[in-house]
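Structure first, then comments.
Order of the sequence lines fixes the chain letters, A, B, ..., with proteins taken first and strands second; residue numbering starts at 1 for each chain. Since the structure is predicted, the reported quantities are computational estimates derived from the model, not experimental observations.
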Amino acid sequence: MSLPSEKIQKILHQNFPQITEKGLQEEIAIIGKLMDFEAGELIMDYGSYVRMVPLIVKGCIKVSREDSEEGKELLLYLLNAGDTCSMSFTCCMLDKKSAIRTEALEATTIIGIPLKYVDSWMTKYQSWKNFVMMSYDNRLLEMVKVIDSIAFKGLDKRMEQYLKAITESTGNTTISMTHQQMADDLNVSREAVSRLLKKLEQINLVRLGRNQITLLG
DNA sequence: ACATTAAGTGATT
DNA sequence: AATCACTTAATGT
């Protein structure tokens with residue numbers, strides 16, 4: 001078995017080619033902590049303090065926002081290997097409570113970077129700064145997509161995007177979720193989800209089962 | 001077999 | 001499209 005730091009170096013090469021500086025790679029390998037989460041596990045809840053920036057190595061993480069009122073939720077975006085959580089940077093540096101919730105959608109592995117390094121690397125390593133900037137840009141684009149799908153598209157289009165995002169992110173055409181969970185992600189009623197899925201099934205776009213939706217191609 | 005949870009449906013707003 | 005008030009179907013104990 002290889003040392004954890006060697007393992008991390010290898011993972012960095014595979015998943016984070018943007019991180020090019022040798023010194024940076026070495027620092028990450030030394031101070032980064034490999035962490036595993038099971039499918040469905042809550043990684044960070046609203047209001048908790050963020051003390052690490054996660055580099056996603058494997059799996060899929062769901063990032064959602066909750067309204068201050070009770071139970072209202074909305075899926076913001078999904079993170080995959082090679083991504084990081086942009087929100088965590090801001091939360092870290094401003095020492096703020098998390099405004100979002102992150103949850104593992106499937107078995108997920110991350111490299112956790114303690115916050116004190118995150119900041120100093122910004123000036124020390126060009127590729128780190130670029131990486132952070134790029135990930136901000138990507139997340140922002142994702143959010144814009146979500147916003148205009150809410151503002152300008154009907155639920156049918158939103159559902160289509162949603163199903164596609166999940167199947168692509170997990171690499172599995174079958175989604176194991178209840179209609180209620182999907183309704184929560186989209187912030188619509190469960191009945192609306194059930195009825196829409198029923199329609200999609202009738203035109204052979206999906207196959208439905210209890211707790212699962214299979215996207216047909 | 002019974003209870004619980006997920007999903008389907010019609011009516012109303 | 002939300003909510004309500006069911007019904008039906010699938011699953012767990």
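Under a 4.0 Å N-O distance rule, the pair A:Asp156/A:Lys199 does not qualify as a salt bridge.
Judged by distance alone, the side chain of A:Ser5 and the main-chain N or O of A:Ala29 form no donor-acceptor pair under 3.5 Å. In terms of modelled atom types and a separation under 3.5 Å, the side chain of A:Tyr46 and the main chain of A:Glu66 share a donor-acceptor contact.
One interatomic measurement links the two molecules: CG of A:Leu196 to P of C:dA1, which rounds to 8 Å at whole-angstrom precision. As a whole-Å value, the separation of A:Ile150 CD1 from C:dA1 C1' is 15 Å. Here the C1' atom of nucleotide B:dA7 and the CD atom of A:Gln212 are 14 Å apart, to the nearest Å. Rounded to an integer number of Å, the gap from A:Ile213 CD1 to B:dA7 P is 7 Å. What separates NZ of A:Lys198 from P of B:dT9 is a distance of 5 Å, to the nearest Å. Atoms CG (A:Leu200) and P (B:dA7) sit 15 Å apart, rounded to a whole Å.
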Salt bridge (charged side-chain N to carboxylate O under 4.0 Å, His left out) between A:Glu106 and A:Lys58, worked out: CA-CA 9 Å; A:Glu106 55 182 17; A:Lys58 197 197 83 186; over 6 Å; no

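One finds a side-chain N or O of A:His179 lying less than 4.0 angstrom from the OP1 or OP2 phosphate oxygen of B:dG8. Between A:Ser189 and C:dA2, a side-chain N or O to OP1/OP2 separation shorter than 4.0 Å is present.
What you find for A:Thr84 and A:Pro54 is that their closest heavy atoms are OG1-O, 2.6 Å. Among all heavy-atom pairs drawn from A:Phe16 and A:Ile56, the shortest one is CZ-O, 3.2 Å.
A:Leu197 comes within 4.0 angstrom of no nucleic acid atom, judged by non-hydrogen atoms across all strands.
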What N/O pairs connect the protein and nucleotides 4-13 of chain C at under 3.5 Å? Give each pair on its own line.
residue, atom, partner, partner atom, Å
C:dC4, N4, A:Glu191, OE2, 2.9

